[in-house]
Every structure is written in C-alpha cells, then in structure tokens.
Amino acid sequence: MADLYARESRSVSKMAHLRFFPQAVVGGSGAYLTGDDGRQLLDFAASWGAASLGHAHPALRDAVNRALSDQAGASYLSSANEPCVLLAEKLLSLVPERARGRVWFGHSGSDANETVARMVVAATGRPRILAFDGAYHGGTVGSMAVSGHPAQQGTRSAGLTLVPYPNSYAAGGPEAARDAALAHLEQLFATELPPEDIAAFFIEPIQSDGGMLVPPDGYFKAVEALCRKHGILLVSDEVKVGLGRTGRFNAFEHSGIEPDIVVFGKGLGGGLPISAVVGPEAIMNHAVAFSLQTVHGNPVCAAAALAVLETIERDRLVENAERTGRVLQDALRGLAARQHLIGDVRGRGLALGVELVADRSSREPASRQTALTVFRAFQLGLVIYYVGVRSNVLEFTPPLTLTENQALEGAAILEEALNDVAAGRVDQALIADFVGW
C-alpha cells in the first residue's frame, strides 16, 4: 500500500503549485473513475459537479463527435453558429420571464460571474454589490472580487458588501437563522448601506463551497421582496447546484423566487468548458463587446451543453436527482445516528453536505478528521471532497445519473472511512501534504 501511494504522489508531483491527496485517474465510465493503479473509484464529486452526466456518457461523446466532424468555426464573436443559437434558445426557455432576454456564453462560472459583476454596475450606474459571507463565485480577479469565501481574502472589490448566509445548524434552527439573517440585512439598509447604491445581490440558492448551506423557508422570498422594493437586481448563481442537481431544474425554484439574471456553468458542459449568463436585454446589451474572448461560444462546447440539457430532460435526471438524493440523504442520516463525528446532514437532491464536528454540543469543527475521512474514503474507493469556511463539511455532488444502489454503496464506504477515523486507525501523516480550502 505504501508503494502504491508513493507512486501516485509521484504521478501528481509534476503539477505546479498544487498540494492534495494523491488522486490520479486515467479514465472513467458512468459514476466511476479509473485510478492510475487500475482501481475503480465511485465518484461522489463529479469534479465539483462539472461531470454532470458522469464519465464518457454516450450522448455527450456523440454530440462532440458530430460537432467536430463538420465544425462550425470555433467562436461566436464574428459569426453566429448553429449550436450556440440552439443552446441560447433552450436556455431562454428554462429561466423565468423576467430573465428571458439575451444569453452570453463563456468558459466557466468564474468568467460568467465576473462578467455579471462588471455588467450590472456599468448598466445600472449603481456602484455596489451584495453577496454572502462564505460565497464562492469564481477564481478570476473579477469573480473573486464579489466572493466572500475566507480562502479568497484580499481580493474583494471596494464596492462589495457581504452579509451572513442563514445557517440553520449553527443558529439552532431554520427560523432563528432566517430571522437573524433578514434582520441583519434590513439593519444594513436602514443605517449603513443606501439600497439605491446597490446594483445587484448575488445569491446562492444553496451555498455550496461555504458549507452546503440550505436556506430556511421564506428567506429568499423576503430577500426578493427587498430587492424589488429598492430596484436591486437579483442574480442567482446556479453554477454548482443548478441544472437539475437539487431535484428542480433551477435550484432557486425551491425558494419560489424569480431572479433577474441566472448564471450557469460547471455541469452545463458535462465536463467541457462552457458557461452562460441569461438576463434581461436592457442589462445584457448595454454596451458592445463588453466581455468577450476568442473561443467564447465554441460550437463544440455548445453542442456538448445541448446534449447535456437534452439528456437531463430525456432521461428524467431531475427526478432521478430528487429520488436518488433522498435515498442517499436517508442513508447519511442513518449513519449520523451511529457516528458521533457527524453533526448535521443537509442538502437537496444530489447536492448534499455532511458537517463533521469534534463535539455535537459545541459544534466545534472537526477539520482534521474531515481531511482524514476524505483520504480514507479515497483509499477505500470513494471520491469525495470537503468544503465549508472551516473545512469540515463533506460535499456530495455526484453525477446526476447516480443510481440508488450506487448511493448506498458510497454511503457504506463512507461509514467504514468514518469508523476508521473515529477509531484512530488512519495515520495523520497521510494528510501532511493535503491542503484544501
């Protein structure tokens, strides 16, 4: 075993400036990855949700092959291409009426959110943006500027104001979390931040990287009402949790709201780089050539995205996410009853989080045990990662094609990993070079 992990460590050591556990893969099929040692790894991460259909899905492969066999250029900057037009029409049909204006295509959620952040300020003439503590909207300079994750300190815009995301577990219940978060926002508007200065409020229907936090009922309806009252644009970042993952096509649908702008990324391309912003014409068309790169609107990536959306509909993957997610969440809740490290299980559909704590009464984060659990699960054949502002939340974003049997298989592996960590059977030296958030 030691030789195996030494070899895997060497296989990733050539990658610049990265430190992580020695996961190296050479292939994959469905919900499984193939390690460079030949092991089959059940993938509960799907590359942070990007591999929405799993690995080597035939619909995706066929769409890419067709697009490449008669390629309609490489960009939409100077000429329309059919895959982009069809994709734009499809996305416009999947958002609320108030967002149904124009579509912008990019490479990732990061460049999409950066574009929106610059666009709303320029188009409205309002200099400020609201976002959440713990929010992760991307890794470019402009998207980090409107993020609130502690891993990105020092990169924020002077016009950004961060507000608390309601955390039902930390607050002792959903009502207390909702009321405290709303009171903070209303107090901010009343005393410190003139709402007429705010261009947009970037929301996360579930705050994934901040800890897979699920908003309490009624919270975002109240936020929407405040935004409408003050003319503030509501931007829903669906990059990780949208596109059917939560058991609804758009994650914001759970809250019964209608955002002005919707941002898609990650799973939109099924693993290929493409993102999209869908919003009202007056905002999207306010200036010519406002945000563009040469291969934005690449027809091959657009064809892949169309195949993803068509497969989600045809194979009823939204329903599968809800059904299989319920099976997985029930299994995780059962595990929580037997494993004292688990403080909370939360999420919707196939966007789930398990918060690990050293003590259930104090809710002290079990950050080291979380890293050990991820490493031990990998050794046992399960790929999971962790998130959260305290690095203590196991995140589950598996392919939307995950089966109920695979959900139960993964939960069983996780239980073995947690038992080994709790019993002290996992060497802490294994995570010396394993650095997450």
**Message:** F44 vs L328, test: side-chain contact (heavy atoms from CB on, under 4.5 Å). Steps then yes/no.
**Reply:** CA-CA 11 Å; F44 268 22; L328 179 55; 3.9 Å; yes
**Prompt:** Does one side chain, of H57 or T401, offer a donor that lies under 3.5 Å from an acceptor on the other?
**Reply:** no
**Request:** Determine, for R323 against E319, whether the closest basic-nitrogen to carboxylate-oxygen distance falls under 4.0 angstrom.
**Result:** no
**Prompt:** At what distance, to the nearest 0.5 angstrom, does CG of D217 lie from OG of S255?
**Reply:** 8.0 Å
**Request:** Would you please indicate if the ring centroids of Y32 and H55 are separated by under 6.0 Å?
**Result:** no
**Asked** Under a 4.5 Å cut-off applied to non-hydrogen side-chain atoms, are K240 and P205 in contact?
**Response** no
**Asked** Which is it for F132 and F201 under the ring pair (Phe, Tyr, Trp, His ring centres under 6.0 Å) test, yes or no, and what are the steps along the way?
**Response** CA-CA 9 Å; F132 287 111; F201 193 166; 5.1 Å; yes
**Message:** Between E175 and R178, does any NZ, NE, NH1 or NH2 come within less than 4.0 Å of an OD or OE carboxylate oxygen?
**Reply:** no
**Request:** Specify the closest pair of heavy atoms between A135 and H137, including all atoms of both residues, with the distance to one decimal.
**Result:** CB-NE2, 3.7 Å
**Message:** So which atom in A199 and which in V120 form the shortest heavy-atom distance, rounded to 0.1 Å?
**Reply:** CB-O, 3.7 Å
**Message:** One pair to check against side-chain contact (heavy atoms from CB on, under 4.5 Å): L160 and L130. What are the steps and the verdict?
**Reply:** CA-CA 6 Å; L160 176 69; L130 279 178; over 6 Å; no
**Prompt:** Does the N81 side chain pair with the main chain of G297, one donor and one acceptor, at a distance under 3.5 Å?
**Reply:** yes
**Message:** Pairing donors with acceptors under 3.5 angstrom, does anything connect the side chains of N320 and T324?
**Reply:** yes
**Asked** Are S208 and E395 side-chain neighbours, meaning at least one heavy-atom pair lies under 4.5 Å?
**Response** yes
**Parallel, tilted or perpendicular, as decided by the 30° and 60° cut-offs, for the rings of F220 and Y165** = perpendicular
**Asked** Taking C-beta and beyond as the side chain, do V235 and V262 meet within less than 4.5 Å on heavy atoms?
**Response** no
**Request:** Would you indicate whether the side-chain heavy atoms of N113 and S275 approach each other to under 4.5 Å?
**Result:** no
**Asked** For Y169, does its backbone N or O pair with a side-chain atom of R363 as donor and acceptor, under 3.5 Å?
**Response** yes
**Presence of salt bridge, E281 and R102, under 4.0 angstrom** = yes
**Message:** Between N250 and E253 (side chain of the first, backbone of the second, donor and acceptor by atom type, cut-off under 3.5 Å), is there such a pair?
**Reply:** no
**Residue pair L91 / V278: nearest heavy atoms and the distance that separates them** = CB-CG2, 4.2 Å
**Fill in**
With H296 as partner, the option from Y76, F105, W104 fulfilling ring-ring contact (aromatic ring centres under 6.0 Å, His included) is W104
**Asked** Under the criterion side chain to side chain contact (heavy atoms under 4.5 Å, CB included), which of V263, D111, V121, L233 is the partner of V116?
**Response** V263
**CD1 on I129 to CG on L162, rounded to 0.5 Å** = 11.0 Å
**Message:** Determine whether L41 and T34 satisfy the following criterion, side-chain contact (heavy atoms from CB on, under 4.5 Å), listing intermediate values before the conclusion.
**Reply:** CA-CA 6 Å; L41 306 169; T34 304; over 6 Å; no
**Heavy-atom closest pair, residues A46 and P398** = CB-C, 4.0 Å
**Prompt:** Side chains of I203 and L234: closer than 4.5 Å at any heavy-atom pair?
**Reply:** yes
**Value rounded to 0.5 Å, distance of CD1 in I206 from CG in L213** = 9.5 Å
**Item:** Distance-minimising heavy-atom pair for M212 and L352
**Value:** CG-C, 3.5 Å
**Item:** Pair E355 + R346, salt bridge at N-O below 4.0 Å
**Value:** yes
**Request:** Output yes when a side-chain donor or acceptor of T397 lies under 3.5 Å from a complementary backbone atom of A45, and no otherwise.
**Result:** yes
**Message:** Does atom CZ (R368) have a neighbourhood of more than 12 heavy atoms from anything else shown, all under 6.0 Å?
**Reply:** no
**Prompt:** How many angstroms lie between atom CD of E238 and atom CD1 of I261, to the nearest 0.5 angstrom?
**Reply:** 13.0 Å
**Message:** Quick check: closest heavy atoms across A304 and G269, and the distance to 0.1 Å?
**Reply:** CB-O, 4.0 Å
**Asked** Can T161 and R128 be counted as having a side-chain donor-acceptor contact under 3.5 angstrom?
**Response** yes
**Message:** If you count every heavy atom of other residues, nucleotides or ligands that lies below 6.0 Å from R390 atom CZ, does the total exceed 12?
**Reply:** no
**Message:** Salt bridge or not between D260 and R98? Use side-chain N to carboxylate O under 4.0 Å.
**Reply:** yes
**From CA spacing to verdict: side-chain hydrogen bond (donor to acceptor under 3.5 Å, both in side chains), D209, H149** = CA-CA 8 Å; D209 292 281; H149 199 286; over 6 Å; no
**Spacing of T155 atom OG1 and M144 atom CE [to the nearest 0.5 Å]** = 5.0 Å
**Donor-acceptor pair, side chain of Q187 and main chain of H184, under 3.5 angstrom** = no
**Message:** Out of the candidates L332, L402, L350, V345, only one should pair with F396 under the side chain to side chain contact (heavy atoms under 4.5 Å, CB included) rule; please name it.
**Reply:** L332
**Message:** Please report the interatomic distance OG(S367) to OH(Y386), rounded to the nearest 0.5 Å.
**Reply:** 8.0 Å
**Any side-chain heavy-atom pair of L185 and L226 under 4.5 Å** = yes
**Asked** Any side-chain heavy atom of E224 within less than 4.5 Å of one from E258?
**Response** yes
**Request:** Answer yes or no: are there more than 12 heavy-atom neighbours, outside N65 itself, under 6.0 Å from its atom CG?
**Result:** yes
**Request:** Given side-chain hydrogen bond (donor to acceptor under 3.5 Å, both in side chains), test T140 with S143 step by step and report yes or no.
**Result:** CA-CA 5 Å; T140 61; S143 57; 2.8 Å; yes
**Asked** Are the charged groups of E313 and K90 less than 4.0 angstrom apart, N to O?
**Response** yes
**Prompt:** If only atom types and distance count, is the side chain of S108 paired as donor or acceptor with the main-chain N or O of S110 below 3.5 Å?
**Reply:** yes
**Prompt:** Is the distance between the ring centroids of F189 and H230 under 6.0 Å?
**Reply:** yes
**Request:** May I ask you to say whether D344 pairs ionically with R333, meaning some side-chain N is under 4.0 Å from a carboxylate O?
**Result:** no
**Prompt:** Are any side-chain N or O atoms of Q152 and backbone N or O atoms of A145, one a donor and one an acceptor, separated by less than 3.5 Å?
**Reply:** no
**Request:** Without swapping roles, check the side chain of S157 against the backbone of G159 for a donor-acceptor pair under 3.5 Å.
**Result:** yes
**Message:** Pair Y385, T370 - check side-chain contact (heavy atoms from CB on, under 4.5 Å), show working.
**Reply:** CA-CA 9 Å; Y385 303 137; T370 304; over 6 Å; no
**Prompt:** Is the backbone of L86 close enough, under 3.5 Å, to the side chain of E89 for a donor and an acceptor to pair up by distance?
**Reply:** no
**Prompt:** More than 12 heavy atoms of other residues, nucleotides or ligands under 6.0 Å from CZ of R316: is that the case?
**Reply:** no
**Prompt:** So, T403 side chain and Q406 main chain: donor-acceptor pair closer than 3.5 Å or not?
**Reply:** yes
**Message:** Are L400 and L243 packed together at the side-chain level, in the sense that at least one heavy-atom pair is separated by less than 4.5 angstrom?
**Reply:** no
